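From a predicted model like this one, the values you see are computed outputs, not experimental measurements. Heads up: numbering here begins at 1 and tracks the sequence. Remember, it's 1-based here, ligands and their atoms both numbered in the order they're listed.
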Amino acid sequence: SVAVALWSSGPVSSDLLVGDFESTIIGRCKAYLAKNKEDSSKNDCEEVWKAFSGAYLGKDPCEVSVEAYDPLMRAVSERPACDRMLFWSKTRDFVHDFTAKTKCQLTLEDTLLGYMMNDQTYWCSEKGSSVTFTEKGKCPGWDECERNPMKSFWKRASAAFAESACGDVAVMLNGSIDTPFAPDSIFASVEVKKFHSPKMKALKVVLVTKGKDDKANCKNKSLQNLKDALDPRLSYECLEVPQSKIIDCTSHPDKACGNCW
Ligand code: AVW
C-alpha cells in the first residue's frame with residue numbers, strides 16, 4: 001500500500017517524523033497558551049520551538065549540555081504560582097492524577113515547558129544534521145549517557161521551576177520505597193539546591209503511604225538528608241499521608257485546596 005511504501009523509504013520516513021514532532025510540540029504550546037490566556041502575549045510558540053530545537057539540532061546526542069537550553073528558558077515567560085507549587089519524586093502518575101483532578105497545586109508538567117514535553121520520551125539529532133529523530137533506536141536512553149537531550153532538558157526546566165519557587169511549597173514523595181529522597185533524582189540533585197529563602201518560605205514533604213508495605217516514614221534517613229540539604233532559613237515539615245486520604249480528597253475537588261494533607 002501507499003503507507004507501507006512511504007514508511008519503508010528511509011529519508012521520507014524521518015522527514016515525516018520530524019514534521020510530526022515539531023507540529024506536536026508547537027500544537028501543545030498553542031493549546032497550553034489558549035487555556036492559560038495570561039501568558040499568550042509573552043510567548044510565541046514558533047520562537048519557543050526554534051529555541052527548543054536549537055538546543056540539540058546538529059549535535060551528538062550525548063553532547064547536549066544543560067546550558068544548551070538556556071535560550072529556551074529566555075524564550076518563555078510565565079508567572080510563578082506562589083503557594084501552589086508541587087514537586088515530586090517517584091510519585092509521577094499519582095501526582096499528575098491528583099493535580100489534574102484538583103487543579104489547586106501545579107507541577108512542572110502543568111507549566112508551559114513541562115506540558116509541551118511531558119511523555120515525549122525520545123528526541124535527538126546527530127552531528128551536523130538538521131533533523132530531529134524521535135525513535136527509540138536512534139536516541140540514547142535516559143541513563144545511557146549523562147548529557148542526552150532529554151535529561152538535559154528536564155534538568156534545565158526543573159532548575160528554572162525550582163528557582164521560581166515562592167511561598168509555601170510541597171513535595172510528594174513515595175513512602176513505599178526505602179529511599180524516598182534519592183540522591184540521583186532530579187528533585188534531590190537539581191531542585192532542592194535551587195530553593196531559596198526569602199522568596200520561598202517553607203517546604204512540606206507529603207510522604208504518601210499505603211499501609212502495611214510502607215518502607216519509609218518521616219524519620220527515614222534520606223528525609224534527614226533532605227532536611228540537611230535545604231536552605232537553613234526555610235522551614236521544613238514532613239507529613240505521612242495515606243494515599244487513600246488523597247484519593248478521597250480528589251473526589252471532592254472543591255475542598256481540595258490545602259485540605260488534602
Ligand atoms: P523520578 P525526579 N529512564 O521519579 O526527582 C527513563 O526519579 O527525578 O523523579 N526515564 C527516566 C529515568 C530512567 N531511568 N529516570 C527518570 N526518568 C524520567 C521535575 C522519567 O520520566 C519535577 F518538577 C521519570 O518519570 C519533579 O519535582 C522522571 O524522569 C522532579 O523533576 C522522574 O523520575 C521529578 O524528577
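The closest protein non-hydrogen atom to atom 26 (C) of ligand 1 is W88 O, 3.1 Å. For atom 14 (N) of ligand 1, the nearest protein heavy atom (residue, atom name, distance) is D143 OD2, 2.8 Å.
Comment: K194 engages E163 in a salt bridge, judged by a side-chain N to carboxylate O separation of less than 4.0 angstrom. In this structure, D60 does not pair ionically with R147, as no charged nitrogen and carboxylate oxygen lie closer than 4.0 Å. A salt bridge links D70 to R156: one of the charged nitrogens lies within less than 4.0 Å of a carboxylate oxygen. Remark: E46 engages K30 in a salt bridge, criterion side-chain N to carboxylate O under 4.0 Å.
Residue contacts with ligand 1: F187 is placed with a nitrogen or oxygen under 3.5 Å of a nitrogen or oxygen of the ligand (distance criterion only). Inclusion of E191 in the set of residues having an N or O under 3.5 Å from an N or O of ligand 1 is warranted.
Both the backbone and the side chain of S89 come within 4.0 Å of ligand 1, counting heavy atoms alone.
Nearest-residue assignment for atom 2 (P) of ligand 1 (options L173, T107, I186, V95; heavy-atom criterion): I186. Considering only non-hydrogen atoms, atom 18 (C) of ligand 1 lies nearest to W142 out of W142, F181, W154. By heavy-atom distance, the residue among R92, K155, K90 lying nearest atom 7 (O) of ligand 1 is K90.
A perpendicular orientation is assigned to the rings of W88 and H96, their planes being inclined by more than 60° (bins at 30° and 60°). Relative ring orientation between F187 and F181 is described as perpendicular, the plane-to-plane angle rising above 60° on a 0-90° scale split at 30° and 60°.
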